[in-house]
2 protein chains.
Amino acid sequence: MIPENLMLLKERLGAVWDIRSAGAVLGWDQETYMPSKGAATRGQQLATLSALAHRLFTEPEIGGLLERLWEASDSLSPADAKLIEVARYDYQRAIKLPESFVEEFALEQSRSYEAWVKARTESDFAQFEPSLVKMLDLLRRKADYFGYEDTPYDALLEEYERGATTAAVRAVFKELAPRQSALAARIASSPHQPELSWLEQDWPEDKQWDFTMQVVRELGYDLDAGRQDRSIHPFTTSFGSQDVRITTRLNSRLLFSGMMGSIHECGHALYEQGYDPADARTMLLDGASLGIHESQSRMWENIIGRSLPFWKHYAPILREYFPKQLDGIGPEAIYRAINHVQPSFIRVEADECTYNLHIIMRFELEVDLIEGRMQAREVPEAWNAKMKEYLGIDVPDDAHGCLQDIHWAHGYMGYFPTYALGNLYASQIVEAMGKAIPDMWEQVEEGRFAHILGWLREHIHRHGRRKLAAELIRDVAGEPLNAEPYIRYLERKYGALYGLA
Amino acid sequence: MIPENLMLLKERLGAVWDIRSAGAVLGWDQETYMPSKGAATRGQQLATLSALAHRLFTEPEIGGLLERLWEASDSLSPADAKLIEVARYDYQRAIKLPESFVEEFALEQSRSYEAWVKARTESDFAQFEPSLVKMLDLLRRKADYFGYEDTPYDALLEEYERGATTAAVRAVFKELAPRQSALAARIASSPHQPELSWLEQDWPEDKQWDFTMQVVRELGYDLDAGRQDRSIHPFTTSFGSQDVRITTRLNSRLLFSGMMGSIHECGHALYEQGYDPADARTMLLDGASLGIHESQSRMWENIIGRSLPFWKHYAPILREYFPKQLDGIGPEAIYRAINHVQPSFIRVEADECTYNLHIIMRFELEVDLIEGRMQAREVPEAWNAKMKEYLGIDVPDDAHGCLQDIHWAHGYMGYFPTYALGNLYASQIVEAMGKAIPDMWEQVEEGRFAHILGWLREHIHRHGRRKLAAELIRDVAGEPLNAEPYIRYLERKYGALYGLA
């Protein structure tokens, strides 16, 4: 009976996976090539696929199969037992939400998104406030459906970072915030500021594109199992580990914006191309958590892609694409320019030193909102106060403040912290990798990334969702989540760049 | 009860339509942008979507709703009554095929396709023969499941051209074959052959692309509700009338191949963009039949796109794209070159005068095979004999003969005739349009296509699947399917071109 049940379950899970990944193809097309008038029909197609995947996954028959196989775990292979564990976890969460609630939530997401777009365009939080009130109510109800011990925010965080708790995140952020703030303040008053005027040139997009394609290929991105296209918001998506796509956005006035974005997405894509083929068409073919996923993108973009060895290799190559513009510009000039620290209003444009501060203040606001200690209408004031406290700058208006991100409009609370966790995990991972590959930075300087990628494949990528983030990090770094390596990395790198004592 | 049942039915049909059109998006991606390694996973996704659409459409609940609404047809609006009629027709055909047969058929399609690819590469029919034997058996069983009165071929033809019969097609083809053969023979012996040497130049693909885009836009293709991309085999696909896409294949040595292909696909696309939005997410949002669909592509490609007035307008424009290459080449030279008649082995490269002969011989072979009067192994000999009889040429090998088309490998028997029917319908339609728009050709010569497109929208496109092909043609042309207008068209056009008495 067990082999038959297992086969039947895998068949059912495979069909659900196929439908979800078909939805991902439609989503990719929507952001890249879909003609504008196709939007309404596409919305319906996506809604149908998503409802269908939910319905097929939550069928009681699947629940029955999972229980029977769960009880028989001992007689399963470790790989199959893990699949049952993760599938059962997903199943139990999925059935906790009544279908009527899922629909209500989806409906409010659309409404709230529209209100947010309008409010942001007019830079007027008051127009978005009623939607945020409703969304907070829905999110609290969602947390209630899922259940939690300590705070409803735990139940939301769990959605993106299984096993993480609000208390643990708070403790790490508490350590991080003052040190990042202090570092940013010392940098601001340093006399060693980078020379940036040479960036004010025209950088033709086709050359940027070609250089970017060369870089991602050389990092190890398999372009027979992936591709790069353009979109308004860069993203990575995949339909199995053999079809992993990234997008970029190029601007002829900005040399590094699209390029570093591509390297970021390439980091996500390398992770997804590295999943174990044995996990195909199951929920194990996924990242350990959003935080771990983000560690891969941020590691390639920031720790490697904004390092001096990387630019010692790529500066001469980039000069072949832009010989006139880069005449006399060497690796050090590029290295200094792309690591320019400048407290700013917009999270997605923030540098490494200030980025986490944007996240930490959002986390604090989210927890206060979900726990009911703050009302939606108080958001702009609280936002602006925190920007002043952490980054020392005065927010001019809501569009450059509390309305800048889409996440709350979409009901994604608990998501922001994973960006900062990604930075922390990335530093822990690179420290471990540096011990395993002592000449790692020499390899980067020679443009050799295969060993690094191979190490990541072995220790992170191939495990997919078989390990929780906490388990993975402990196995890789020999310790749990820890902010110290990231702070160490920042202080060393920026201390040298800005000549801090 | 009736309004509720109708709403419920439309909801169910809408979901099925969403899944099918999601499959179409995946199919488009597969042919345009999918990286090569994505193929295996894509096959599974498509199989899942297709099985799911079939399962959801054939649920007994839908059958029950259809029967109740069918009995209550008198109380429905004419539009709704038509939907019930067509949905019930599709439903009854769908449930006639057991799921096990559908799977067996799909499996054999894949196997047979692989055998065909190999056999064609090695130009060896014997390697494909066992697959053809199996496919013929499956097709006869399919015909048995569907049921028929006269010949099993009727049941297969019905799949592509609802309401057409083998006898009626045979009668029309019988009239057509000798007259097209005779015309081709007279042309071959004419001393007035076109000058083609100027075509032997380099025609950069980017210029071809730009010209093609200009033409399809000017014909009326809405590029906010569609787009053109490249693929190995040109095709049209749509996901609703607001997202209708075409593809083309360009070759820098061939000036007209890609361009005329684009106009052909654009003809299909104009049809699909012209469906009535009221039919959205139902099976009425489709062509009346494959023959009618093909009439639209062939009308734009051949009757309009290969006309002298069309080139009187576009020759100077094309010369702007290729000023050197087209120095001294006027509309007449182009007109003569693109209407060059030359019996040849490959159907898809055939000219207007010989094209139908390729179809007629395939039809005759298919009927003989399905009715068991011919065995699979006899195909090459019969093929070559018919090529000699109709086109007067000796087939050198199987790759240039009976292995050239994919249709039999896919089990698409009954499909070929619709290409020729498309030619006949197109001439009937254009004769009717010429009466309604007496200065039609002056409009073409001035590059004005809006009136023509408007007329097609009114009389053909907006009806979608609300009319059968026979009904539509009778309404448009005032007579049933008739080969005479097409023969008249050919004899007049090519008589003048080749100076035939």
Side-chain angles (χ1 to χ4, degrees), chain A residues 11-30 32-53 55-56 221-229 237-247 269 273 277 280-281 285, chain B residues 11-30 32-53 55-56 221-229 237-247 269 273 277 280-281 285:
Chain A
E11 216 173 277
R12 296 303 186 90
L13 295 181
V16 171
W17 189 91
D18 288 337
I19 299 165
R20 284 184 182 148
S21 64
V25 177
L26 268 61
W28 172 85
D29 179 74
Q30 188 173 34
T32 51
Y33 295 114
M34 188 185 75
S36 57
K37 290 182 184 173
T41 308
R42 181 56 49 89
Q44 284 178 316
Q45 295 168 327
L46 285 168
T48 295
L49 290 183
S50 150
L52 201 58
R55 197 197 315 156
L56 292 182
Y221 183 31
D222 179 356
L223 287 159
D224 291 325
R227 49 179 295 118
Q228 176 171 269
D229 296 273
T237 186
S238 70
F239 334 119
S241 60
Q242 295 297 297
D243 191 348
V244 180
R245 308 187 186 184
I246 64 174
T247 69
Q273 288 189 335
R281 295 178 81 227
L285 201 81
Chain B
E11 217 172 277
R12 297 302 187 91
L13 295 181
V16 171
W17 188 92
D18 288 336
I19 298 165
R20 285 184 182 149
S21 64
V25 176
L26 268 61
W28 172 85
D29 179 74
Q30 188 174 35
T32 52
Y33 295 114
M34 188 184 75
S36 57
K37 291 183 183 171
T41 308
R42 181 56 48 89
Q44 283 178 315
Q45 294 169 327
L46 285 168
T48 295
L49 291 182
S50 150
L52 201 59
R55 196 196 316 156
L56 292 181
Y221 183 33
D222 180 356
L223 287 159
D224 291 326
R227 51 179 293 119
Q228 177 171 266
D229 296 275
T237 186
S238 70
F239 334 119
S241 61
Q242 296 296 296
D243 191 348
V244 180
R245 307 187 186 183
I246 64 173
T247 69
Q273 287 190 335
R281 295 177 84 228
L285 200 82

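Naming: A, B, ... by sequence-line order, numbering from 1 per chain. Remember, it's a predicted structure, so these values are computed and weren't measured experimentally.
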Worksheet entry | Verdict with supporting geometry, A:Lys37 and B:Asp243, salt bridge (Lys or Arg N to Asp or Glu O under 4.0 Å) | CA-CA 7 Å; A:Lys37 290 182 184 173; B:Asp243 191 348; over 6 Å; no
Which of [options] touches chain A most, by non-hydrogen pairs under 4.5 Å:
{"options": "B:Ala22, B:Ser241, B:Gly23", "result": "B:Ala22"}
{"options": "B:Asp229, B:Leu223, B:Asp222", "result": "B:Asp222"}
{"options": "B:Gly14, B:Ala51, B:Ser36", "result": "B:Ser36"}
{"options": "B:Asp224, B:Thr41, B:Thr48", "result": "B:Asp224"}

So do the side chains of A:Phe239 and B:Met34 get within less than 4.5 Å of each other, counting heavy atoms only?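 Contact flag for A:Phe239/B:Met34 side chains = no.
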Practice item. Would you check if A:Ile19 and B:Ile19 make a side-chain contact, meaning some heavy-atom pair closer than 4.5 Å? Key: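 Counting from C-beta outward, A:Ile19 and B:Ile19 never come under 4.5 Å.
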Side chain to side chain donor-acceptor pair (under 3.5 Å) partners of B:Thr237, counting only residues at least two apart |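 Applying side chain to side chain donor-acceptor pair (under 3.5 Å) to B:Thr237 gives none.
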Could you go step by step and tell me if B:Asp18 and A:Leu52 meet the side chain to side chain contact (heavy atoms under 4.5 Å, CB included) rule? CA-CA 11 Å; B:Asp18 288 336; A:Leu52 201 58; over 6 Å; no
*asked:* Could you walk me through whether A:Val25 and B:Arg42 satisfy the side chain to side chain contact (heavy atoms under 4.5 Å, CB included) test, starting with their C-alpha distance in whole Å, then the side-chain angles of each, then the deciding distance to 0.1 Å, before giving a yes or no?
replied: CA-CA 10 Å; A:Val25 177; B:Arg42 181 56 48 89; 3.5 Å; yes
Test of understanding: with ring-ring contact (aromatic ring centres under 6.0 Å, His included), list the residues that count as partners of A:Trp28, not counting sequence neighbours.
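Listed in chain order: A:Tyr33.
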How far apart are the closest heavy atoms of B:Arg245 and A:Pro35, and which atoms are they?
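Residues B:Arg245 and A:Pro35, closest heavy atoms: NH2-CD, 3.5 Å.
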Quick one: what part of B:Asp29 sits under 4.5 Å from any heavy atom of chain A, side chain, backbone, both or neither?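 For B:Asp29, side-chain heavy atoms alone lie under 4.5 Å from chain A.
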Query raised in the report: With a 4.5 angstrom heavy-atom cut-off, which part of A:Leu46 approaches chain B: side chain, backbone, both or neither?
Result: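 For A:Leu46, neither part sits under 4.5 Å from chain B.
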